[in-house]
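What follows is a short report on a single structure.
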Amino acid sequence: MSRYNAREAEPRWRKIWDDAKCDRATRDEDRRKYYVLEMFPYPSGRIHIGHTRNYAMGDVVARYKRARGFNVLHPMGWDAFGMPAENAAMERGVHPGAWTYDNIAVMRDQLKLMGLSIDWEREFATCDESYYAQQQALFLDMLDRDLVYRRESTVNWDPVDQTVLANEQVIDGCGWRSGAPVEKRRLTQWFFRITAMADELLDAIDTLESWPDKVRLMQSNWIGRSSGLEFDFALHGAADDETLRVYTTRPDTLFGAAFCAVSAEHPMAKRFGAADPTIDAFLTECAAMGTSEEAIERAEKKGVRLPIDAVHPFEPSRRLPVYVANFVLMEYGTGAIFGCPAHDQRDLDFARKYQLPVTPVVAPDGLDADAVTVGDEAITGAGRMINSSFLDGMTVEEAKDAVIARIEQAGSGDRKVNYRLRDWGVSRQRYWGCPIPIIHCDSCGPVPARRDSLPIRLPEDVRFDQPGNPLDRAEDWKSVPCPLCGAPARRETDTMDTFVDSSWYFARFCSPKAETPTNAKDVDYWLPVDQYIGGVEHAILHLLYSRFFARAMNDTGHLPEKAREPFRALFTQGMVCHETYQAADKRWLSPEEVERTTQANGAAVAVERATGDVVAIGPSVKMSKSKKNVVAPEDIIEQFGADTARWFMLSDSPPERDVEWSTSGVEGAWRHLQRVWRLVLQAEESAAASVEDAGPSLKAAHRAAAAVTEDIEAFRFNRAIARLYELTNAIAAAPLAEPGRGDAVGVLIRLMYPFTPHFSEEAWSRIAGRRSSGPQMLAESPWFEPKAAFLVDDTLTLPVQLNGKKRGEITVSTAASDDEIRAAALALDSVVKQLDGAAPKKVIVVPKRIVNVVA
RNA sequence: GCGGGUGUGGCGGAAUUGGUAGACGCGCCGGAUUCAAAAUCCGGUUCUGGUGACAGAGUGUCGGUUCGAGUCCGACCACCCGCACCA
């Protein structure tokens, strides 16, 4: 019997679809649209398994929705700016653009092999001039609306390479290339005013009903709206009227305050640092700590005393020592706090280290004031105020209000809402990004580029063999006249964060060639995105920035109001993980470079193929280029075809869960296709059945159709596939002559189509050849609708439990009454035996579920 | 450190959301076919005891609620993701 030949059939069907323009999306106001989008890839060089899983999911949705009659937009592009291209330029001397476009060419071919129903006419890369030109226009529009501004902020600085380092490039406080200790530097940078929309971004989370709860929760926590008090401490030992402004979310604990602390970047810290070498040394130490919140919060709590005291606002005789502390964030609140050790863990750690008093001021409910003691753990729960003068006896909430009222009355502070969310710094001191359209003039300051001067193109003639940003050295490019006064001026040499590129690409896909950022009719028809699919690792930043951008683009007239929330539904797929390999010299090795074996004692051993040296096997983590634990899908496609790869990747693991990559199991998918193919060859011979004489396999097919449809709608692809396996088993077990067996095979193929499109088309063309009417191509066929008559059952099997333990089962008519079911259950041999003549205490009949006899 | 998640056979996982734990796939074991192999087909496969019908245990750990808990509640353990200049 001949086998299904994927190698021959797959390219043939791709050509047929292409010629028929099946994947082309055209605006048509008379048709219902459906916009499905997977997060676009960074062109790192090769497609990896994580990508293919993502795009296979999107393609199932796209093909299914098309069959359901929707006008589907399913585009693809490239998130093409970023550091790896510059690293390649430094390491290999290639231009970042050439490297990127070469990668795109390779990856496009790889993606096309998967048979994704993508409208490739809409493809673009964010490094295309036609894209970033529009991004520059958006930047200027946002500047006009005061959504963009400039201020100082801190970066990691590598003093040897003379470059800013990303947090991931800082390893143990040193630069990843130079190994030199990292310093902090203040640079004036451009910011998007995302905090101006913090309230809206937070409140609108409630409307995102088709987003996963966990993502909504993470976004809420990230925005972190908190209500508290901002107020001034009078200072003792400082200049006459100098005060220290602090922010607290726990004004109730003010009587428990033991100290005040300012961030190492606080102006006051700097001023005292300049005068005192001990303080200065501590500030230097803090500067080496890195800028990530994780590094700051994980570091041992430390501080240095400043030569001033803060005066307690309610007890002027009390003086609180003021420290510079490494755990106070300059970016949050005012960069200064008061510490209440009894009720905040960080403050407690700090107080224990410097022997500061720990006074509890909140007694947990049920505890007397005398009974409250603080050990190693701060008391953070609710309770009643103690040791707190006029607050004693109040609840925490009452005390907060009382303190705020007093401070406001005294005029030394105000109730204040704060956000954990910070404004979005977008300046990057790198070449391979979208140039910021600003010109710096000595007399006019920073001046927006004129609209008719856009795009500001990246200069081609640059070198990467010297430290620093090549744009700084591009004198010809940099020198331009000031747009306002005409005097010699300089271009801004910072480029934009690549997150900006990915914050509006979904809108650009609606009209990728428009001369403006968007085209009103197109975005009005296609947006919002109906289904967005991507990695859960983007749950916060990318999705929040996109939500901000959609609003900013609505405010600047580029998007309709209804697209202020850009993604109606979100699905976050799990990551594809693989164990990691690291040589003794700390080089990461890819799975291909490693020979992995299992010893007799069960221990895994890996050696580097090239050298034979033993390498360390690390934990299985998200596949990433930096750890090189990436597996290429080409081999599987080459050997078994795209359909096998797609089927396998969507079977087994639930889509939202991480999957540990393994090669076993691919053969199972391949076997399944061949098995179905044999059924197809048999079905070519069989006659069609009617509803009346349909056998069990056709009934099973209709039931499977109902279940698979539901599973696809709910993103349960693994379950849909399990159902299709069951249907295949049912058909294979049916006699060849069973009426409707051939029709059942037809249903199976159509249900498989979103997963295995080439295979299903090929199989369908065999079966459909004997049919006279209807579309011949599944790509243009409607979805299979099961007949209700096939879905009903007249009997039902119920498990019977005795005291919650299963003892047997009964089969009853679906119309049977509870009494009949009870009688049938009590008549069961096993039940009779266990009851041993005694009457049951109780019999619980749960309709259509279970019977439980309580003895 | 903070925020979010996950935990079920040898493995990936299923379980209509409080109602038959282990669907489906992988792997493994046995058999058929074959000169042999590949491919295919049939049967078995949570663990323990028993030839067997069957009995007992069992969803990371400990405790609780319930006629009934993988599912709900409390305390813990392990692993994974994010933490703002990786994309």
Side-chain angles (χ1 to χ4, degrees), chain A residues 1 3 39 41-42 44 79 81-84 155-156 164-170 189 213-215 217-218 220-222 224 291-299 301 327 331 345-346 349 420-430 497-499 502 535-542 544-545 574-575 577 619-622 624-626 648 651-654 656-660 662 664-669 671-672 674-675 678 707 710 716 718-719 721-726 729 732 797-806 808-809 841-844 846 848-855:
Chain A
M1 227 194 260
R3 311 178 83 198
M39 291 177 186
Y42 177 78
S44 57
D79 187 14
F81 277 133
M83 289 204 304
V155 295
N156 298 310
V164 174
L165 295 174
N167 285 331
E168 81 157 9
Q169 297 172 320
V170 179
Q189 312 218 61
D213 287 342
K214 65 172 171 182
V215 175
L217 191 55
M218 280 192 265
S220 291
N221 290 340
W222 185 261
T291 56
S292 82
E293 199 168 291
E294 182 193 3
I296 292 165
E297 301 234 340
R298 249 215 253 261
K301 311 289 172 278
F327 64 94
E331 308 278 351
Q345 191 60 46
R346 290 171 304 183
D349 294 342
R420 213 185 72 92
L421 180 69
R422 310 200 292 259
D423 276 334
W424 173 14
V426 295
S427 293
R428 296 292 180 272
Q429 295 67 40
R430 303 186 204 289
D497 180 6
T498 57
F499 269 119
S502 56
V536 67
E537 69 272 25
H538 294 294
I540 294 173
L541 291 180
H542 162 62
L544 193 61
Y545 291 153
M575 282 162 303
C577 300
S620 183
V621 296
K622 172 180 111 175
S624 75
K625 210 171 153 60
S626 60
F648 171 58
S651 61
D652 289 358
S653 289
E656 69 279 11
R657 199 121 105 196
D658 287 353
V659 27
E660 166 70 16
S662 75
S664 68
V666 184
E667 282 94 348
R671 268 204 297 275
H672 174 254
Q674 295 301 345
R675 200 160 165 240
R678 285 193 297 277
E710 223 175 87
R716 294 186 295 243
N718 56 322
R719 263 187 16 185
I721 284 176
R723 305 260 192 204
L724 292 168
Y725 272 119
E726 281 178 288
N729 291 341
T797 300
L798 291 177
V800 177
Q801 295 181 333
L802 196 110
N803 293 332
K805 194 156 185 65
K806 189 191 164 192
E809 46 189 40
K841 274 198 200 124
K842 202 178 329 163
V843 179
I844 296 158
V846 183
K848 294 187 185 346
R849 283 284 153 76
I850 204 166
V851 183
N852 191 14
V853 179
V854 185

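All heavy atoms count here, side chains included; hydrogens, waters and symmetry mates do not. Here is how names work: the chains are called A, B, and so on, in the same order as the sequence lines, proteins then strands, and each is numbered from 1.
In this structure, B:rG52 forms no base pair with any nucleotide, since neither Watson-Crick nor G-U wobble geometry is met with both distances under 3.5 Å. Summarising the base pairing, B:rG22 is matched to no nucleotide, lacking a Watson-Crick or G-U wobble pair whose two defining distances lie under 3.5 Å. The partner of B:rG1 is B:rC83, by the rule that a Watson-Crick or G-U pair needs both atom distances under 3.5 Å. For B:rG7, the paired nucleotide is B:rC77, the pair qualifying as Watson-Crick or G-U wobble because both relevant distances are below 3.5 Å. Using the Watson-Crick or G-U wobble rule with both distances under 3.5 Å, B:rG58 pairs with nothing in any strand shown. Across all strands shown, nothing is found opposite B:rU34 as a Watson-Crick or G-U wobble partner with both distances under 3.5 Å. Judged by Watson-Crick or G-U wobble contacts below 3.5 Å, the nucleotide B:rG68 has no partner.
B:rG30 and B:rG22 are spaced 26 Å apart, taking the P atom of each and rounding to whole Å. If you take atom P in B:rG10 and the same atom in B:rG64, they sit 27 Å apart, rounded to whole Å. Taking atom C1' on both nucleotides, B:rU61 is separated from B:rC54 by 31 Å, rounded to a whole Å. For the P atoms, the distance from B:rG25 to B:rC42 is 11 Å, rounded to whole Å. B:rA75 sits 24 Å from B:rC80 when the P atoms are compared, rounded to a whole Å. With P as the reference atom, B:rG43 and B:rG82 are 46 Å apart, rounded to whole Å. Using C1' as the reference atom, B:rU66 and B:rG27 are 39 Å apart when rounded to the nearest Å. A distance of about 13 Å separates the P atoms of B:rA53 and B:rG44, rounded to the whole Å.
Residue A:R422 places none of its side-chain N or O atoms closer than 4.0 Å to OP1 or OP2 of B:rA84. For the OP1/OP2 pair of B:rG7 and a distance below 4.0 Å, the side-chain nitrogens and oxygens of A:R657 include at least one atom meeting the criterion. Phosphate contact (OP1/OP2 of B:rU16, side-chain N/O of A:R716, threshold under 4.0 Å): absent. Phosphate proximity of B:rC41 to A:R678: present, with a side-chain N or O under 4.0 Å from OP1 or OP2. OP1 or OP2 of B:rC83 has not a single side-chain nitrogen or oxygen of A:S292 nearer than 4.0 Å. Distances shorter than 4.0 Å separate none of the side-chain N or O atoms of A:R675 from OP1 or OP2 on B:rA39. At B:rG25, one or more side-chain N or O atoms of A:N729 fall inside 4.0 Å of OP1 or OP2 (strictly under the cut-off). OP1 or OP2 of B:rG68 has not a single side-chain nitrogen or oxygen of A:N803 nearer than 4.0 Å.
Rounded to an integer number of Å, the gap from CZ of A:R430 to C1' of B:rA87 is 12 Å. The distance from atom CG of A:N852 to atom C1' of B:rA69 is 13 Å, rounded to the nearest whole Å. Put simply, NZ on A:K214 is 13 Å from P on B:rC81, counting in whole angstrom units. As a whole-Å value, the separation of A:H672 NE2 from B:rC24 C1' is 10 Å. Atom pair A:E537:CD and B:rC83:P shows a separation of 10 Å (rounding to whole Å applied). When rounded to the nearest whole Å, the span between CG of A:L421 and P of B:rG82 equals 19 Å. Atom OH of A:Y725 and atom C1' of B:rG13 are 13 Å apart (whole Å). We find that CG of A:N221 is positioned 15 Å from C1' of B:rA84, with the value rounded to whole Å.
Nucleic acid contact for A:E710: none, since no nucleic acid atom lies under 4.0 Å from a heavy atom of the residue. Residue contacts for A:L217: at a heavy-atom cut-off of 4.0 Å it reaches the sugar-phosphate backbone alone, with no base atom in range. At a threshold of 4.0 angstrom between heavy atoms, the contacts of A:S653 are confined to the sugar-phosphate backbone, with no base atom among them. No engagement by A:P41 is indicated, since no non-hydrogen atom pair under 4.0 Å with the nucleic acid exists. Looking at heavy-atom distances under 4.0 Å, A:V854 makes contact with sugar-phosphate atoms alone, never a base. Residue contacts shown for A:E331 are absent, as no nucleic acid heavy atom lies under 4.0 Å away. Across all strands, A:Q801 comes closer than 4.0 Å to base atoms (heavy-atom distances). When heavy atoms are screened at a 4.0 angstrom cut-off, A:G574 is found touching no nucleic acid atom at all. If you check every strand for non-hydrogen atoms under 4.0 Å, A:D79 touches sugar and phosphate atoms only.
B:rU46 takes the anti form, because its glycosidic angle lies more than 90° either side of 0. For B:rG9, the glycosidic angle deviates from 0 by 90° or less, giving a syn base.
Closest to the A:N718 side chain, of the nucleotides B:rC67, B:rG3, B:rG13, is B:rG13. Residue A:K805 has its side chain nearest to B:rA57 when only B:rC85, B:rA57, B:rC83 are considered. Closest to the side chain of A:I540, from the set B:rA87, B:rG82, B:rA84, is B:rG82. For A:A722, counting side-chain heavy atoms from C-beta on, the closest listed nucleotide (B:rG25, B:rG19, B:rA23) is B:rA23. For A:E168, counting side-chain heavy atoms from C-beta on, the closest listed nucleotide (B:rA84, B:rC86, B:rA87) is B:rC86. Between B:rG1, B:rC24, B:rG27, one nucleotide has an atom nearer to the side chain of A:E726 than all others, and that is B:rC24. Considering only side-chain atoms of A:A166, the nucleotide from B:rG1, B:rC85, B:rU16 that sits closest is B:rC85.
Residue A:R723 places no side-chain atom within donor-acceptor reach of the base of B:rC24, judged by atom type and a 3.5 Å distance cut-off alone. The base of B:rC83 has none of its N or O atoms less than 3.5 Å from a complementary donor or acceptor on the side chain of A:E293. For B:rG1, its base sits under 3.5 Å from the side chain of A:R298 at one donor and acceptor pair at least. Contact annotation: side chain of A:Q429 to base of B:rC85, donor-acceptor pair present below 3.5 Å.
Closest approach of A:A669 to A:F648, counting heavy atoms only: CB-CB, 3.9 Å. Nearest heavy atoms, A:W222 versus A:L541: CZ2-CD2, 3.8 Å. Shown here for A:R422 and A:E331, the closest heavy-atom pair between the two residues is CD-CB, 3.0 Å. Shown here for A:R430 and A:A166, the closest heavy-atom pair between the two residues is NH2-N, 3.9 Å.
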Checklist entry - Would A:D652 and A:N718 satisfy side-chain contact (heavy atoms from CB on, under 4.5 Å), going step by step from the backbone distance to the final call? => result CA-CA 5 Å; A:D652 289 358; A:N718 56 322; 5.9 Å; no
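Without hydrogens or angle criteria, A:K301 side chain to A:A299 main chain gives a donor-acceptor distance under 3.5 Å.
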